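Numbering of residues begins at 1 and proceeds along the displayed sequence. Everything numeric in this text was worked out from a predicted model, so none of it was measured.
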Amino acid sequence: MPRHQELLAEVEASPEGPQVGAFFDFDGTVIYGYSAIAFIREQVRQGQLKPREFMELAGAMTSFGLGNMGFSAMMVVTSQFMRGATEQSYIEFGEALYRKHIARLVYPESRALIDAHLARGHTVAIISSATPYQVEPAARDLSVEHVMTTQLEVQDGEFTGAVVRPTCFGLGKVRAAETLAAEHGVDLAQTFFYSDSDDDIELLEAVGKPRPLNPNKKLAEIAEREGWPVQRFKSRGRPGLTDWARSLAATGSLITSFAAGLPIWAITGSRRDAQNFSFSLFAETASALIGLDMDVRGEDNLWKQRPAVFIFNHQSKADVVIAASLVRKDIAGVGKKEIKKMPVIGQVMEFGGTVLIDRDNATSAIEAMQPLVDVMRDDGKSVVMAPEGTRTVSPKLAPFKKGAFHLAMQAGVPIVPIVIHNALDVAPKGDFIFRPATVEVEVLPPVDTSDWTPESVNEHVAEVRAMFLEALGQSDDSKPAAKQARGKAKAKTKTKAKTKAKTKAKAKSKAKAKTKAPAKSKAAAKAKAPAKAKTKSKAKAAAKARVPSRKKPAGAAAKTRAAAKSPAATKAKAASKLKARAGTGTKAKAPAGAKARTRATGKVTSTKAGAKKPAAKRAAQPKAGKTPRLKAKPKGSVKPKATGKTS
């Protein structure tokens with residue numbers, strides 16, 4: 001029995017109910033490695049960190065690692081590079097980075113532990129010293145409702161460069177856990193806490209069931225001394241030579257398997273027999289090389305009605321091996337005609353019976369699928385398709401496309417759902433490496449399509465997708481619901497209620513902060529702004545929310561506002577006042593409403609010249625001749641016009 005099964009058995013034997021807590025550290029526990037490194041690496045790749053800034057960050061992290069700098073001090077250093085950037089840009093950056101890099105680092109064993117705790121009705125939380133922008137996307141993917149993290153100060157939707165104290169580190173984690181326990185009636189004596197580091201020793205000692213996962217050397221020594229059970233996961237991480245050899249051989253077996261079928265075709269003249277031999281050989285060879293075992297339920301449903309359209313939820317490139325192992329023979333694949341031009345692979349897939357469709361010239365999707373319909377009707381072959389269209393980064397089911405359902409209707413054949421539970425254990429999206437695993441598969445009974453019509457196809461798609469959801473134990477999370485859940489999850493991440501309070505006020509002030517109108521005309525402009533001005537204001541606000549930028553010094557912003565509001569008749573007088581302010585340190589007049597906003601936020605930024613303005617109201621323009629450094633550049637964003645470039 002795999003070692004993590006012992007932990008699962010312990011969870012299943014524990015009492016049910018929310019009074020039992022299941023708290024998880026994030027970096028090194030839920031995921032392999034450190035999310036901060038993924039963030040920095042991506043910012044360097046996109047050119048958002050200059051070499052000097054990268055060296056400062058690396059120096060701070062090294063000093064912390066060596067014990068020469070405290071965690072809070074390190075966070076203060078790193079947060080300075082986020083000053084003036086919009087929080088929304090980091091939310092979007094974190095989401096994109098999770099899908100692209102971090103999702104495949106999630107330990108399957110940790111995912112299974114979280115699912116087991118949720119199934120028992122326990123209060124599951126991630127308590128991490130990382131920021132919410134690193135943790136929240138993973139928490140949503142793992143269906144973890146409660147997230148406690150280190151918070152960064154935000155005013156008017158922008159980072160101030162300050163860190164909210166206390167941070168969620170050391171004793172700060174204990175406070176966060178105690179706060180969560182008090183709010184939700186959790187008994188810490190019955191609570192599990194999973195962590196990889198001795199940095200969490202205070203919380204490990206505060207709960208009744210400390211469970212070190214992938215512990216560092218110091219924590220392993222403590223665990224041995226205290227008698228705490230230790231588990232190490234090897235399903236993620238840096239691959240070894242054997243992993244590379246296994247993966248290369250399994251990938252190459254597609255070519256060698258179909259090459260082995262050529263003599264059968266040459267001797268018997270039966271291309272179909274040669275293809276069936278090659279499919280079976282590929283399934284057996286690749287499975288053996290990978291170390292892939294399958295636990296299949298409902299296997300008899302694979303043979304009840306042929307031909308059929310077999311559909312499966314697509315998580316991994318291992319799905320190709322799984323499908324070949326299940327369907328075994330008389331299979332027709334589908335692909336674009338461009339595949340034929342690919343050396344070797346194109347010829348192999350064509351020999352294997354893949355129907356290449358010219359999608360560009362098709363007048364409709366129905367006409368494009370006609371070659372597949374002919375193969376099913378004339379040759380009695382079945383088709384295997386993934387209605388999600390592409391691999392997902394998690395086991396959560398994506399929306400279905402309708403192509404497979406139209407195909408089944410046209411051909412007059414049933415649909416056979418194949419539910420794959422954990423192919424991510426073998427190879428998550430983005431990984432070349434195959435890893436040994438046992439994959440659970442459930443084959444559902446064939447679905448009759450004889451009475452389906454084009455008008456009712458949407459209803460039938462929803463019905464079949466609901467079968468997948470039920471088998472996977474998932475709920476139907478629509479996109480709007482997901483957005484609402486995101487907002488709720490974000491609200492629960494605050495270690496202090498005062499960190500980012502007043503959501504409505506924040507939304508209003510954010511829109512104000514984005515539009516740099518002249519000080520005297522602001523009130524009038526808001527009272528009777530024309531539709532065109534509103535459109536421009538919204539466009540500027542949206543652009544700034546996507547792309548964080550540097551700000552102008554307060555003095556430069558004051559000059560800009562004064563120059564904008566001065567009529568031609570008093571131009572000389574205004575210029576004289578500006579000159580006097582620069583030379584004598586006279587206080588510049590704050591924009592209308594600044595005092596009210598200052599009282600609301602309680603934050604004031606002072607300069608040597610004596611000007612006092614709310615931190616979030618400085619002009620968000622780059623210095624003359626200087627290109628702003630972008631902290632995050634979500635897809636589709638545009639750099640400020642001052643740079644003269646677009647992304």
Side-chain angles (χ1 to χ4, degrees), residues 257 261 272-288 290-316 318-334 352-353 372-373 375-388 395 397 400 403-426 436-452 460-474:
S257 297
R272 186 169 189 152
D273 287 345
Q275 290 172 344
N276 288 338
F277 171 79
S278 295
F279 274 121
S280 295
L281 181 60
F282 167 66
E284 297 293 340
T285 304
S287 296
I290 293 170
L292 171 63
D293 294 320
M294 289 193 296
D295 179 9
V296 183
R297 299 189 298 276
E299 191 169 2
D300 58 320
N301 291 323
L302 292 166
W303 307 100
K304 283 183 176 178
Q305 289 182 263
R306 296 270 187 125
V309 175
F310 293 90
I311 61 173
F312 64 92
N313 53 312
H314 199 11
Q315 301 177 5
S316 167
D319 295 337
V320 176
V321 181
I322 294 170
S325 299
L326 294 172
V327 183
R328 306 294 291 189
K329 64 177 186 177
D330 298 331
I331 305 172
V334 58
L372 281 172
V373 174
V375 165
M376 298 180 77
R377 285 178 175 172
D378 300 341
D379 299 338
K381 289 189 174 183
S382 296
V383 173
V384 181
M385 298 182 72
E388 292 167 293
L397 199 66
F400 279 6
F405 300 86
H406 280 293
L407 176 62
M409 278 194 301
Q410 285 181 258
V413 300
I415 282 179
V416 180
I418 298 175
V419 183
I420 303 173
H421 286 262
N422 58 314
L424 284 171
D425 295 6
V426 182
T438 298
V439 177
E440 295 181 20
V441 180
E442 188 173 353
V443 184
L444 305 183
V447 178
D448 183 29
T449 64
S450 59
D451 60 347
W452 288 11
H460 299 306
V461 170
E463 290 171 353
V464 173
R465 187 171 181 272
M467 296 177 187
F468 275 85
L469 288 168
E470 183 178 0
L472 291 168
Q474 299 177 12

- Reported CD1-to-CG distance for the pair Ile311 and Leu444, which is rounded to 0.5 angstrom: 9.0 Å
- Task: Output the distance between atom CZ (Phe405) and atom CE (Met385), rounded to the nearest 0.5 Å.
- Result: 9.5 Å
- Query: Hey, mind stepping through Phe310 and Leu302 against side-chain contact (heavy atoms from CB on, under 4.5 Å) and telling me if it holds?
  - Reply: CA-CA 9 Å; Phe310 293 90; Leu302 292 166; 3.9 Å; yes
- Testing Val413, Val375, Ile331 for side chain to side chain contact (heavy atoms under 4.5 Å, CB included) with Pro307, which one passes? Val413
- Message: Return the CG to OG1 distance between Asp425 and Thr438, rounded to the nearest 0.5 Å.
- Response: 9.0 Å
- Quick one: list whatever passes salt bridge (charged side-chain N to carboxylate O under 4.0 Å, His left out) with Asp300, sequence neighbours left out. Lys304
- Task: Using salt bridge (charged side-chain N to carboxylate O under 4.0 Å, His left out) as the criterion, list what pairs up with Asp330, not counting sequence neighbours.
- Result: Arg272
- Query: Do Asn276 side-chain atoms and Asp273 backbone N/O form a donor-acceptor pair below 3.5 Å?
  - Reply: no
- Are any side-chain N or O atoms of Asn301 and backbone N or O atoms of Pro417, one a donor and one an acceptor, separated by less than 3.5 Å? no
- Task: Taking all non-hydrogen atoms of both residues into account, name the closest pair between Ala437 and Val426 and its distance.
- Result: CB-CG2, 3.9 Å
- Considering residues, nucleotides and ligands other than Glu299, do more than 12 of their heavy atoms fall under 6.0 Å from its CD? no
- Shortest non-hydrogen contact from His421 toward Leu472: ND1-CD2, 3.9 Å
- Mind checking side chain to side chain donor-acceptor pair (under 3.5 Å) for His460 and listing every partner two or more places apart, or none if nothing turns up? Trp452, Ser456, Glu463
- Message: Could you report the tightest heavy-atom contact between Phe279 and Ala324, atom names first, then the distance?
- Response: O-CB, 4.5 Å
- Note on the structure: Hits for salt bridge (charged side-chain N to carboxylate O under 4.0 Å, His left out) against Glu442, two or more places apart or cross-chain, chain-then-number order -> Arg297
- Message: So which atom in Ala283 and which in Ser287 form the shortest heavy-atom distance, rounded to 0.1 Å?
- Response: O-OG, 2.7 Å
- Message: How long is the straight-line distance from CG of Leu424 back to CD of Gln315, given to the nearest 0.5 Å?
- Response: 4.5 Å
- Message: Against Val373, only a single residue in Leu407, Val383, Asp378 fulfils side chain to side chain contact (heavy atoms under 4.5 Å, CB included); can you say which?
- Response: Leu407
- When rounded to the nearest 0.5 angstrom, what is the spacing between CD in Glu388 and CZ in Arg465? 8.0 Å
- Message: Going by side chain to side chain donor-acceptor pair (under 3.5 Å), name the residues that satisfy it together with Arg328, two or more places apart in sequence or in a different chain.
- Response: Glu284
- Item | Atom pair OG1 (Thr449) and NE2 (His406), whose distance is rounded to the nearest 0.5 Å | 12.0 Å
- Which atom names give the shortest non-hydrogen contact between Phe468 and Val419, and what distance separates them? CD2-CG2, 3.7 Å
- Task: Indicate the atoms forming the closest heavy-atom contact of Val327 with Trp303, along with that distance.
- Result: O-CH2, 3.6 Å
- Query: Can you name the side chain to side chain contact (heavy atoms under 4.5 Å, CB included) partners of Pro414, sequence neighbours left out?
  - Reply: Gln305, Ala308, Pro446
